[in-house]
Every structure is written in C-alpha cells, then in structure tokens.
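Since this is a predicted model, take the numbers as computed values, not measurements. Computed over heavy atoms, backbone and side chain alike; hydrogens, waters and symmetry mates excluded. In listed order, ligands and their atoms are each counted from 1.
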Amino acid sequence: MIKIQVITLFPEMFDGVLNSSMMWKAQEKQAVEFRLINLRDFGLGLRKRVDDTPYGGGDGMLLMAEPLFSAINHAKERCPNAKVVLMTPRGVRWVQSEAQKWADSNDDYIFVCGRYEGYDERILTLVDMQVSVGDYVLTGGELPAMTIIDSVVRLIPGVLGGETSASIESFSDGETLEFPQYTRPEVFKGLEVPKVLLTGNHAEIAKWRKSQSLKISSSDK
Ligand code: 4GN
C-alpha cells in the first residue's frame with residue numbers, strides 16, 4: 001500500500017481525479033491511500049496567512065517557510081519515511097521509468113504543491129526530490145502532482161486489471177510506442193481496418209504490431 005499525502009491550498013482540485021474510476025479502484029483494492037492536507041490549516045495568525053512578499057523586492061508573493069514546514073512535519077507524523085516531493089518547473093523531468101520505479105517501490109510520498117510566484121528557498125531542506133512534468137510554468141503544482149500520481153497508480157500491480165499488463169504498453173521499454181488499434185466496425189466512412197488484424201493469425205498480428213510500433217517510435221512527432 002502506497003500512502004500519498006498532498007499539501008495544497010486547493011484540495012478540492014483533486015476531487016475529480018482521485019475519485020475517477022481507476023484511482024477509485026486502486027483505493028478500493030487498498031493499493032494506495034490518499035490524504036489531502038490543506039496548507040491553509042497551517043497558516044499563521046488569525047488570517048491563516050501562508051504568503052508574504054520577497055526580501056529584496058520583486059513582484060508577487062511567496063509561500064512562507066513556516067506553514068510549509070508545519071504541514072510537511074504534520075504529514076511526516078503519519079509517514080515518517082515518506083519521500084517529500086516538490087513540484088517545480090526547475091525539477092527533474094518526470095519520465096515513465098520513474099513512474100514504474102515508484103509503483104514497484106514500497107515508498108510513501110508527500111507532494112508539496114506550490115502557488116504564487118514561488119516559495120521560500122529554505123523549504124528545500126525538507127525536500128527529497130524536485131520534479132517537473134515539463135518545461136512550462138503553471139499557476140500551481142496541483143496539476144503536475146495529479147499527473148504524477150495518475151502515472152504511478154495505474155502501474156501498481158493489480159490496479160490496471162488483468163487484461164493488459166502495463167509492461168507491454170507504450171514507452172515501457174523506453175523506445176517503442178503502442179501500435180495502432182481498431183475496433184468495430186470493419187469499415188468506417190470508407191476507412192478499412194488493416195486486413196491482417198482480421199485474419200486471426202496471432203503470429204502475423206504480433207509481427208505487424210511490432211513493425212508498426214517501431215515505425216511510430218522512429219517517425220517525427
Ligand atoms: C510545476 C509547478 C509547473 C510545474 C508549477 C512543472 C507552481 N508549474 N513543470 N507551478 O512541473 C512557482 C511556485 C511555480 C510554484 C510553482
């Protein structure tokens with residue numbers, strides 16, 4: 001069971017994603033457990049303040065160190081050995097092989113989702129890894145955190161549900177993309193399903209799929 005805790009100012013953003021069918025199944029099967037932690041609960045003073053202006057001047061606000069420290073330490077009380085993951089465009093690019101590693105590991109995770117123009121650099125003393133989903137900036141770390149969670153949870157053994165082992169899928173060997181697929185009808189708007197798929201010849205079908213996968217992975221995207 002992987003325990004995932006998420007520190008965010010917008011916990012409601014996760015409702016749709018964590019309750020979608022795959023994530024729901026994963027929780028039912030006790031493959032994963034989620035806990036959302038509202039950073040606001042650790043804000044300072046009566047106003048529950050979490051942000052302040054940067055020393056040295058500059059536009060915008062930063063998340064203060066203290067509320068983040070309190071929230072992370074609160075999460076660590078439940079999972080003392082959890083890896084603290086900070087979502088940031090400065091982080092290490094997220095890739096499929098890393099998702100596979102996490103799914104196969106017995107580690108727990110605490111995601112820290114930043115907002116505003118950044119955070120007080122001193123929170124990095126509590127962070128085990130900085131992760132980015134790509135070279136672009138979003139208004140918060142929530143969407144990147146959801147992306148990572150989704151990519152990991154579907155790979156936990158038993159979650160995807162028998163039919164396709166995740167290991168034969170796109171990207172898993174780092175070079176082949178998935179082959180083209182078709183379902184009924186045989187002809188749609190004059191477009192035909194490749195004949196080989198209708199033959200029932202499994203060896204030929206496997207050969208065709210392999211060649212198609214290689215073709216896709218070597219062509220420009
Ligand atoms: C992560 C966080 C993009 C990514 C983010 C990414 C929130 N944007 N590429 N935005 O994975 C400044 C403070 C921007 C938090 C951060």
Worksheet item: Would you say Ser132 and ligand 1 have an N/O pair spaced under 3.5 Å apart?
Response: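 The answer is yes, given that Ser132 and ligand 1 share an N or O pair closer than 3.5 Å.
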Practice prompt. Examine Tyr136 against ligand 1 and note whether any of their N/O atoms are separated by less than 3.5 Å.
Written response: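 Yes, at least one N or O pair falls under 3.5 Å.
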Worksheet item: Has the side chain of Gln27 got a donor or acceptor atom that lies under 3.5 Å from a matching backbone atom of Met23?
Response: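 The answer is yes, because a donor-acceptor pair under 3.5 Å joins these two groups.
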Worksheet item: Does Lys3 reach the main-chain N or O of Cys79 with its side chain, forming a donor-acceptor pair under 3.5 Å?
Response: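 Not a single qualifying donor-acceptor pair exists.
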Worksheet entry | From the candidates Pro89, Gly60, Pro144, the one that places a heavy atom nearest atom 16 (C) of ligand 1 |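 That would be Pro89.
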Item to complete: Have a look at Ala145, Gly114, Gly140, Gly118 and point out the one with the heavy atom closest to atom 13 (C) of ligand 1.
Response: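 Nearest heavy atom to atom 13 (C) of ligand 1 lies in Gly118.
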Discussion item. Can you tell me which portion of Leu63 lies within the under-4.0 Å heavy-atom range of ligand 1? Options are side chain, backbone, both, or neither.
Written reply: neither
Worksheet item: Strictly by modelled atom types, are Trp94 and Ser151 linked by a side-chain donor-acceptor pair under 3.5 Å?
Response: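 There is such a pair (donor and acceptor under 3.5 Å, judged by atom type) between the side chains of Trp94 and Ser151.
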Worksheet entry | Numbering as shown, the atoms of ligand 1 that approach Gly141 to under 4.0 Å (heavy-atom distance) |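 That gives atoms 2 (C), 7 (C) of ligand 1.
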Worksheet item: Which of the atoms in ligand 1, numbered in the order shown and given with their element, are less than 4.0 Å from a heavy-atom of Arg115?
Response: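 Matching atoms, with element in brackets: 13 (C), 15 (C).
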Discussion item. Using salt bridge (Lys or Arg N to Asp or Glu O under 4.0 Å), reason through Glu98 and Lys83 one step at a time and then give a plain yes or no.
Written reply: CA-CA 14 Å; Glu98 195 67 12; Lys83 297 264 165 23; over 6 Å; no
Fill in: Stepwise salt bridge (Lys or Arg N to Asp or Glu O under 4.0 Å) check, Glu28 with Lys25
CA-CA 5 Å; Glu28 264 186 342; Lys25 261 185 232 158; over 6 Å; no
Item to complete: Could you pull out all residues at least two apart from Val92 that satisfy side chain to side chain contact (heavy atoms under 4.5 Å, CB included)?
Response: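 Listed in chain order: nothing, the list is empty.
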